[in-house]
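Structure first, then comments.
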Amino acid sequence: MAREVRTRFAPSPTGDLHVGNIRTALFDWAYARHTGGKLIFRIEDTDRERVTDEYIARAIETLKWLGLEWDEGPEVGGEFGPYLQSQRLDIYTEWADTFLKNGDAYNCYCSTEELEARREAQRSANQAPGYDGKCRNLSDGEIEKYRGEGRKPVIRMRMPDGETRFNDLIRGEVVFEHKYVPDFVLMRADGSPLYTLAVAVDDVLMKVTHILRGEDLLSSTPRQIRVYQAMGVKDEDFPEFAHLPFVMGTDNTKLSKRNGEVSIAWYREEGFLPEAICNYLALLGWSPGDDRENITMKELVDLFTIERVNSSPARFDMKKLEAINGDKIRALSIEEFLKRALPYLLKEGVIKGEASEVKVVRDALPIIQERIARMKEVVPMLRFLFVEEISFDQESAAKLAESDSQKVINTAISALEPVSNWQHEAIEGALRSALIDGLGLKPRNAFGPVRIAVTGSHISPPLFESMELLGRDRSMARLKSAVR
RNA sequence: GGCCCCGUCGUCUAGUGGCCUAGGACUCUGGCUUCUCAAGCCAGCUACGAGGGUUCGAAUCCCUUCGGGGCUGCCA
């Protein structure tokens, strides 16, 4: 009875994969891994006007970056391929013909304009809009007449009377009366299949056992089930459905550009770690059941069950993602941190990638590791180490020009001249005795001007370590050039 | 309009009739620490949408209601 679990992630890449897509992919992946089953990655590109090769390639890249490896699909193949629906057109045609032959489906000659007009009439008569079944039982004469007019038919599925009842793993039993499920189109007049046909055929042929997908597809489920039935699949062989709650934007509307970035590519550029994105997304609609929140991918796999998935929608919260990202960054080893930080520094031109630069970066990472929430922040944090001339923002420049600041810097220069052992302890010792003990300043007022002179900003990594990393010559030069 | 789904702190959630004077995390506020910024630590604010039942007892069960969302396509 225990058939192997086979889940599938089947996006229709009409753009970059977004937060909602990935949350679904993550759950599909986690469930497959948890059960020791297989994850199938299938591209739903029956609408080739909107799905491009470029988007498909980016979707593949994004999943790989996140570490959501699939067992069957593009690049890896599998015995039930091909995994691009655009390459399976013959299969859909064949099934549509079978449905036609068996009377489960019929040719519909209604034009788009006619349908729209009738829908409008239904609406104004306060009836539920939907196909009225006009072509369900056409006589030979009528068919002849339509053909004579040059009409090309679409293939429409016949919904029988009755109801569809299924057990959603997340929502429990759901019932749809067929009077609210009109006959739907399986194939366009040009012979191209629609989602409703392709998705059901593929799930059956690819032996998918569990369909985890967004709840927006909940009301299309009876149509899928209808296709299974027409294909002759037995009830007990139907896939199980689990409709995941939405991930929404902060303002309670669907997540979009308006209320938070959606594209995973953006999060990557910004410096969110893949494991942080997965960790956070896992918490949107699922929880491990105890107070744990910072979990690894392995723990997610171990703990993930559909039973623990929530049924109510979740709001996406950037702040919390950032908090988790910060935790993940702090958990990185220095080598790993370095590996992940380098691309950002390279991209912004902070370093060219020379070995000497990389060494400086490696030495600097420990002091900034707990100060950043996004990897991209390594750029402003470390830039001062690699520029010839530092620049000041207005506030810092003004602060530096104050006479108190000038006095502090002059004193600091004198105190630092004799320091030959340029280690942060020695630097700190010299500055403390000169500025705190000598001038009687509070640490804050003592080190502030020095910090600005050396790093260019009143916000920086720890001062003494920064000066050590910068080196004696450059540190002194910056102090001196800050004197007016 | 119709059908379907959903409803615990601002947000994500724990909670499946007594362990709940509702726990954790993020955010926010205050404090400690402190060379800035962070990190860390401590404290605080704040929730069972509403109304009826059932029960000795309800966030948990039932009904109604209100609110939010989805679908209603020759998109997926």
Side-chain angles (χ1 to χ4, degrees), chain A residues 10-12 14 44-47 49-51 108 110-112 115-116 119 122-123 125-131 153-156 168 170-171 174-177 179-182 184-190 192-196 198-199 213-222 243 245-246 248 250 252-254 280 283-294 310-324 326-327 330 367-373 377 381 428 431-432 435-436 442-448 450-452 455 457-466:
Chain A
S12 180
T14 54
E44 311 237 324
D45 57 347
T46 50
D47 185 355
E49 304 215 338
R50 298 172 62 216
V51 178
C108 170
C110 299
S111 70
T112 312
L115 291 173
E116 191 41 53
R119 259 196 291 271
Q122 288 168 324
R123 266 190 287 263
N126 220 356
Q127 290 173 336
Y131 188 67
V154 300
I155 298 175
R156 210 177 265 279
D168 187 281
I170 292 171
R171 289 151 213 284
V174 182
V175 183
F176 288 90
E177 290 182 58
K179 62 180 171 182
Y180 302 118
V181 186
F184 56 97
V185 176
L186 297 168
M187 225 169 225
R188 302 184 179 91
D190 67 1
S192 62
L194 269 82
Y195 164 79
T196 338
V199 71
R213 37 136 66 152
E215 72 163 284
D216 50 332
L217 268 357
L218 183 59
S219 45
S220 82
T221 306
H243 288 94
F246 283 120
M248 297 188 302
T250 330
N252 213 17
T253 61
K254 235 176 150 177
Y280 176 64
L283 263 21
L284 252 31
W286 174 84
S287 86
D290 51 27
D291 288 339
R292 254 184 299 186
E293 294 219 311
N294 190 321
N310 252 74
S311 53
S312 51
R315 242 103 3 205
F316 183 87
D317 180 7
M318 184 78 82
K319 282 278 183 19
K320 184 142 186 178
L321 204 212
E322 237 177 16
I324 289 176
D327 286 341
R330 271 166 247 129
I367 62 173
I368 66 166
Q369 191 164 22
E370 67 185 26
R371 277 160 231 280
I372 63 172
E377 293 172 54
M381 278 286 184
E428 177 168 7
L431 289 177
R432 273 190 191 279
L435 303 175
I436 312 270
K442 287 190 167 146
R444 181 186 194 88
N445 298 326
F447 303 130
V450 179
R451 178 187 310 284
I452 294 172
T455 69
S457 169
H458 66 284
I459 298 174
S460 82
L463 179 60
F464 315 116
E465 285 85 346
S466 294

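Residue numbers start from 1 in every chain, and the chains themselves are labelled A, B, ... in the order their sequence lines are given, proteins ahead of strands.
As the counterpart of B/C41, B/G31 is assigned, both hydrogen-bonding distances of the Watson-Crick or G-U wobble pattern falling under 3.5 Å. Across all strands shown, B/U64 forms a Watson-Crick or G-U wobble pair, both distances under 3.5 Å, with B/A50. B/C3: Watson-Crick or G-U partner is B/G70, with both key distances under 3.5 Å. The base-pairing partner of B/U16, taking Watson-Crick or G-U wobble contacts with both distances under 3.5 Å, does not exist among the strands shown.
Here B/G40 is the nucleotide among B/G10, B/G40, B/G24 with the atom lying nearest to any side-chain atom of A/Asp327. Set against B/G24, B/C6, B/C71, the side chain of A/Arg171 has B/C6 as its closest nucleotide. Among the nucleotides B/U27, B/U13, B/C37, the one closest to the side chain of A/Lys319 is B/U27. Picking from B/C4, B/A76, B/C12 the nucleotide with the shortest atom distance to the side chain of A/Leu218 gives B/C4. If you check B/C5, B/G2, B/C71 against the side chain of A/Ser219, the one that comes closest is B/C71. Closest to the side chain of A/Leu194, from the set B/A76, B/C12, B/C35, is B/A76. In this structure, of B/G7, B/C35, B/C74, it is B/C74 that holds the atom nearest to the side chain of A/Leu115. Across B/U11, B/C37, B/C12, the shortest atom-to-atom separation from the side chain of A/Leu283 is found for B/C12.
If you check distances only, the side chain of A/Glu293 does reach the base of B/G24 with a donor-acceptor pair under 3.5 Å. A donor N or O paired with an acceptor N or O is not found under 3.5 Å between the base of B/C35 and the side-chain atoms of A/Arg444. Put simply, the side chain of A/Arg292 and the base of B/U13 share no donor and acceptor less than 3.5 Å apart.
A donor-acceptor pair shorter than 3.5 Å can be found between the side chains of A/Arg188 and A/Ser192.
Side-chain nitrogen and oxygen atoms of A/Thr455 include none within less than 4.0 Å of the OP1 or OP2 phosphate oxygen of B/U36. Distances shorter than 4.0 Å separate none of the side-chain N or O atoms of A/Arg119 from OP1 or OP2 on B/U72. For B/A14, the OP1/OP2 oxygens have a side-chain nitrogen or oxygen of A/Asn310 closer than 4.0 Å. The phosphate of B/U36 (OP1 or OP2) has no side-chain N or O of A/Ser460 nearer than 4.0 angstrom. In this model, the phosphate group of B/C12 is approached by a side-chain N or O of A/Arg315 to a distance below 4.0 Å at OP1 or OP2.
Closest approach of A/Ile170 to A/His243, counting heavy atoms only: CD1-O, 3.5 Å.
For the pair A/Glu116 and A/Arg119, the salt-bridge criterion is met [side-chain N within less than 4.0 Å of a carboxylate O].
Residues A/Pro443 and A/Ser311 both approach RNA chain B. Their nearest nucleotides, taken by heavy-atom distance, put A/Ser311 toward the 5′ side. Mapped onto RNA chain B by nearest heavy atom, A/Glu177 and A/Arg451 fall at different nucleotides, with A/Glu177 at the one closer to the 5' end.
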